[in-house]
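Numbered from 1 within each chain, the chains take letters A, B, ... in sequence-line order. Note: hydrogens, waters and symmetry copies are ignored here, and every other heavy atom, side chains too, is used.
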Amino acid sequence: MVSENPFAIFRFECKNVLEEAIKKLFPKVEITRLALEKPPNPDFGQLASSLCFELAKSVNEKPAVLAERMVKTIDKSKFSLIEHAASAGGGYINFYVDFAKFSALVIQSIGQLNKEYGFVKTEKPLKIIVEHTSVNPLHPIHIGQARNPILGDAIANMFKAMGHKVSRHYYIDDVGRQTAVIAYGYKKLGKPKPEGKPDHFIGRIYTITSCLIEINRLKKELEKAKKTAINEEVTKINRELDEWMSVAVELKGRFPELFEKLLNEISKDEDPENEVNKLNQAYEEGEEAAKGLIREVSELCLQGFRETLGRAGVFYDSWDWESDFVWNNSVTEALKKLKKTPYVFVLGGVLEFDAEKAVKELNLKQKLGLREDYEVPSLTLMRADGTTLYTTRDIAYTLWKFERADKFINVIGMEQTLAQLQLKIALHALGYGEKADNFVHFAYNLVTLPGYKMSSRRGRYITFDEVMDEAVERAYKEVAKRSPQLSENEKKKIAEFVGIGAVRYALVEVDPSKPVVFTWDRVLNFEKNSAPYIQYTHARACSILRKAERKPENPAYGLLKERIENQIVLDLANFPEVFVEATDFLKPNMIADYANTLSDKFNTFYNALPVIKAEPKELSDARLALVDAVRIVLRNTLNLLGILAPEKM
RNA sequence: GGGCCCGUAGCCCAGCACGGAUUAAGGCGUCGGCCUUCGGAGCCGGAGAACGUGGGUUCAAAUCCCACCGGGCCCGCCA
């Protein structure tokens, strides 16, 4: 017999016998929800019901007495996977699984389903677009942003494993002043060939150029303020200017040549800020020269991103340019449609979307989880000069997505919660209620550095590349220490997947809603609760299977009587439910946690009990099959998280 | 001022959505053990927790409700 979810069978059986017993004893009592829980201790069985505590009131009996009566009433002839039921703890009913049968079911199911074990298929496969990463092409991806692709990739893997058709999208935000800043600096430098990795090169140009422009602007403002002689204003500008001057000094120290060149060239312009604005506007209007220039710098940056993300094992099905939606008039079209709704008004030459009014009239407060008295701020759709804003363009982009899928996951930091909410409301207002209901903002909390905030504008950040380099280097030292006999090539290969695995694990392990303070020892952990620990455990399991040099021909699963063996079987059986829950609640960290716990138990087992040499041979065979099952499940969990499961390391 | 998120041992972190059992699960660090078996990136055992505070609901609260405190984020003709 094979089951894709063995524990569910046990649960179902327990529920059935319990329901029957209730019906027999109290035909009139209605039980609305019968939840079985997992007891805190294996001594209390594998599933328990606290139903008697509740029932005690309505039937006027003590919970303990009630539980005892229930256990006696339970129809034991219906038992298959249940070994026995008992009352305990003053009112609980505990169900004990028959491990002889259960182990056979679990281990055989895993062996059969193999790469599919745990991945309970959805009854209704959907087309799902997961948009993630979408880092603006301005500078290298830094460690704060790296949490996004790692979470997004894991989520996409999970939906895919569930049987959905998943498409991974990267939204390239190339419209806006920031890309124009780079293009401006890049042009001033005479469109040089990148030195080193292109995104790092672009990042340097961006930081220096924007710093110089900022200083130029502040100096002008200072002059003006001095004339009008408002002291407070002068002091404020001076303070800001001081800060940017110190950034400039820092940048000059780090990149003297580039800094000098840019300073020289930019100084030639009377009003660099205006040059940037002009460029930005020309780009939005689709003017050829601007198009060529900005696309060129953006592409350079993206080239670096592809390298970085590819190294981390993250890939995309579609790269969507924001500018395309401007140029092909989708944004204008969307705006036109929005204007026809009663929620758009003009205020001082500016087009506004009255999100609050839309929410009220469309009755969305409850649906969107908003407080009744909370007023959603309105959203500016179009500037006085006729250019659009980010969220407006995102509306057009989302409408495009709506034509291509059923469900939409946006992996975007929680600082954008309001913008995402306004976007969703706008979609409802446009009449896409059903699709909008399937529009999910997967918000995760920020990654910060201890002591200071990462600032890409100031060039203060730790790049994802640096972190991976460091991790791989550290992993290399470990490999060299542990396995000096390996060839240089092998060592490097192992160091790569160990280092990258460690980084991915560190970024996915914490509950997405919790903030993370980046520290090196968080990502450089190769011991317990890390990818290397799980990879190592997997390799260990493979090693046993290799050394055994035989298949388990005649396993007697009933001989797996040790407590740790039972616990492993139980954990293995739980994987499908963990997977479903983790996917439904968008919590890939649950998968990481599960894999770590299973590894823990396996290592305890490994240390305590022999496998190959176990006697009799039927026990050895059963243990071999158990090891194989652990191997399969560990590999499946690592695959979900995008971490390599090596057979040797 | 308003809204959202977070607050569990020295540090990190699970459990909270769906309230349950003696003993709140792990990791790092710390103290002490294990090279007799299949990979020591390992295993076993100590010590270490007012579950932010105060109320409330309940037979039962880390978990639900209310208030407060501390940290973060957002409330732009930025993205």
Side-chain angles (χ1 to χ4, degrees), chain A residues 33 35 37 39-41 43-44 48-50 53-54 56-57 62-63 88-92 94 136 138 173 175-179 322 347-352 369-371 373-377 379-385 387-391 393-394 413-419 421 443-446 448 475 478-479 481-483 498 509-511 513-517 519 521-522 525-530 532-537 539-548 581 584-585 589-590 593 596-597 599-600 603-614 623-624 627 648-649:
Chain A
R33 216 191 67 230
E37 60 214 54
N41 184 317
D43 291 340
F44 303 145
S49 167
S50 55
F53 292 97
E54 248 175 281
K57 276 172 287 179
K62 281 194 172 164
Y92 289 94
N94 295 337
N136 297 1
L138 310 170
D173 186 8
V175 181
R177 233 184 62 96
Q178 302 174 79
T179 36
E322 186 180 16
L347 185 77
V350 167
L351 210 59
E352 290 277 324
L370 302 170
R371 280 185 170 222
D373 53 354
Y374 173 67
E375 248 187 72
V376 186
L379 170 75
T380 304
L381 294 167
M382 198 168 84
R383 297 187 185 93
D385 68 3
T387 54
T388 55
L389 283 100
Y390 176 79
T391 308
R393 300 189 292 267
D394 210 354
M414 59 155 233
E415 71 276 10
Q416 294 209 43
T417 304
L418 177 59
L421 175 70
Y444 60 93
N445 215 314
L446 299 176
T448 53
E478 290 290 316
V479 181
K481 200 169 69 193
R482 291 165 207 278
S483 324
V498 166
E509 170 224 13
V510 181
D511 186 321
S513 70
K514 300 212 180 188
V516 165
V517 177
T519 54
D521 50 338
R522 191 188 275 276
N525 174 25
F526 295 168
E527 292 175 12
K528 283 187 93 161
N529 197 17
S530 75
Y533 176 65
I534 299 162
Q535 289 172 316
Y536 178 74
T537 309
R540 243 184 174 180
C542 291
S543 172
I544 294 178
L545 297 167
R546 211 165 35 235
K547 291 236 163 81
E581 209 174 312
D584 285 350
F585 291 99
N589 58 305
M590 285 180 67
D593 197 61
N596 184 55
T597 306
S599 299
D600 239 345
N603 283 316
T604 297
F605 162 81
Y606 177 91
N607 214 261
L609 304 166
V611 176
I612 298 169
K613 289 179 188 162
R623 284 191 180 151
L624 268 177
V627 171
K648 287 180 187 175
M649 66 184 267

Determine the contact category for [X]: base if any of its heavy atoms lies under 4.0 Å from a base atom, sugar-phosphate if only primed atoms, P, OP1 or OP2 are that close, otherwise nothing.
| X | value |
| --- | --- |
| A:Arg393 | sugar-phosphate |
| A:Thr604 | sugar-phosphate |
| A:Asp511 | sugar-phosphate |
| A:Arg177 | nothing |
| A:Pro39 | base |
| A:Leu389 | sugar-phosphate |
| A:Ala539 | base |
| A:Asp600 | sugar-phosphate |
| A:Leu418 | sugar-phosphate |
| A:Asp394 | nothing |
| A:Ala48 | base |
| A:Pro377 | sugar-phosphate |
| A:Phe44 | base |
| A:Met649 | base |

- Taking for each residue the nucleotide of RNA chain B with the nearest heavy atom, is it A:Ser543 or A:Asn445 whose nucleotide lies nearer the 5' end?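 The answer here is A:Asn445.
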- Item | 5′-ward residue of the pair A:Val498/A:Glu581 relative to RNA chain B | A:Glu581
Should [X] be listed as having a side-chain N or O under 4.0 Å from OP1 or OP2 of [N]?
| X | N | value |
| --- | --- | --- |
| A:Ser513 | B:C6 | yes |
| A:Arg540 | B:G40 | yes |
| A:Arg623 | B:C38 | no |

Rounded distance (Å) that lies between atom [atom2] of [N] and atom [atom1] of [X]:
| X | N | atom1 | atom2 | value |
| --- | --- | --- | --- | --- |
| A:Lys481 | B:G42 | NZ | C1' | 14 Å |
| A:Asp521 | B:C11 | CG | P | 14 Å |
| A:Tyr606 | B:C44 | OH | C1' | 16 Å |
| A:Asn607 | B:C35 | CG | C1' | 11 Å |
| A:Gln416 | B:C78 | CD | P | 15 Å |

Of the nucleotides [options], which has the atom closest to the [X] side chain?
| X | options | result |
| --- | --- | --- |
| A:Arg371 | B:A79, B:G40, B:G3 | B:G3 |
| A:Asn529 | B:A79, B:G27, B:G40 | B:G27 |
| A:Glu54 | B:A21, B:C78, B:C59 | B:C59 |
| A:Glu527 | B:C28, B:A79, B:C13 | B:C28 |
| A:Thr391 | B:A79, B:G40, B:G3 | B:A79 |
| A:Ala88 | B:A79, B:A21, B:C13 | B:A21 |
| A:Glu415 | B:U22, B:C73, B:G42 | B:C73 |
| A:Tyr390 | B:A79, B:C16, B:U37 | B:A79 |
| A:Lys528 | B:A14, B:G26, B:C73 | B:G26 |
| A:Leu446 | B:G72, B:C43, B:G3 | B:G72 |

- Worked check of side chain to side chain donor-acceptor pair (under 3.5 Å) between A:Asn525 and A:Tyr533: CA-CA 9 Å; A:Asn525 174 25; A:Tyr533 176 65; over 6 Å; no
- Message: I'd like to know whether A:Asn603 forms a side chain to side chain donor-acceptor pair (under 3.5 Å) with A:Tyr536, so could you lay out the CA-CA distance, the side-chain angles of the two residues, the decisive distance to 0.1 Å, and finally the verdict.
- Response: CA-CA 10 Å; A:Asn603 283 316; A:Tyr536 178 74; over 6 Å; no
- Task: Using only heavy-atom distances, decide whether a donor-acceptor pair under 3.5 angstrom links the side-chain of A:Asp43 to the base of B:U22.
- Result: no
Taking the [atom1] atom of each, how far is [N] from [M], in whole Å?
| N | M | atom1 | value |
| --- | --- | --- | --- |
| B:C66 | B:G72 | P | 24 Å |
| B:G7 | B:C43 | P | 28 Å |
| B:A62 | B:G45 | P | 27 Å |

- Look at atom CD of A:Glu415 and say whether more than 12 heavy atoms of other residues, nucleotides or ligands are closer to it than 6.0 Å. yes
Applying a 3.5 Å limit to both distances, which nucleotide forms a Watson-Crick or G-U wobble pair with [N]?
| N | answer |
| --- | --- |
| B:G42 | B:C34 |
| B:U22 | none |
| B:C64 | B:G56 |

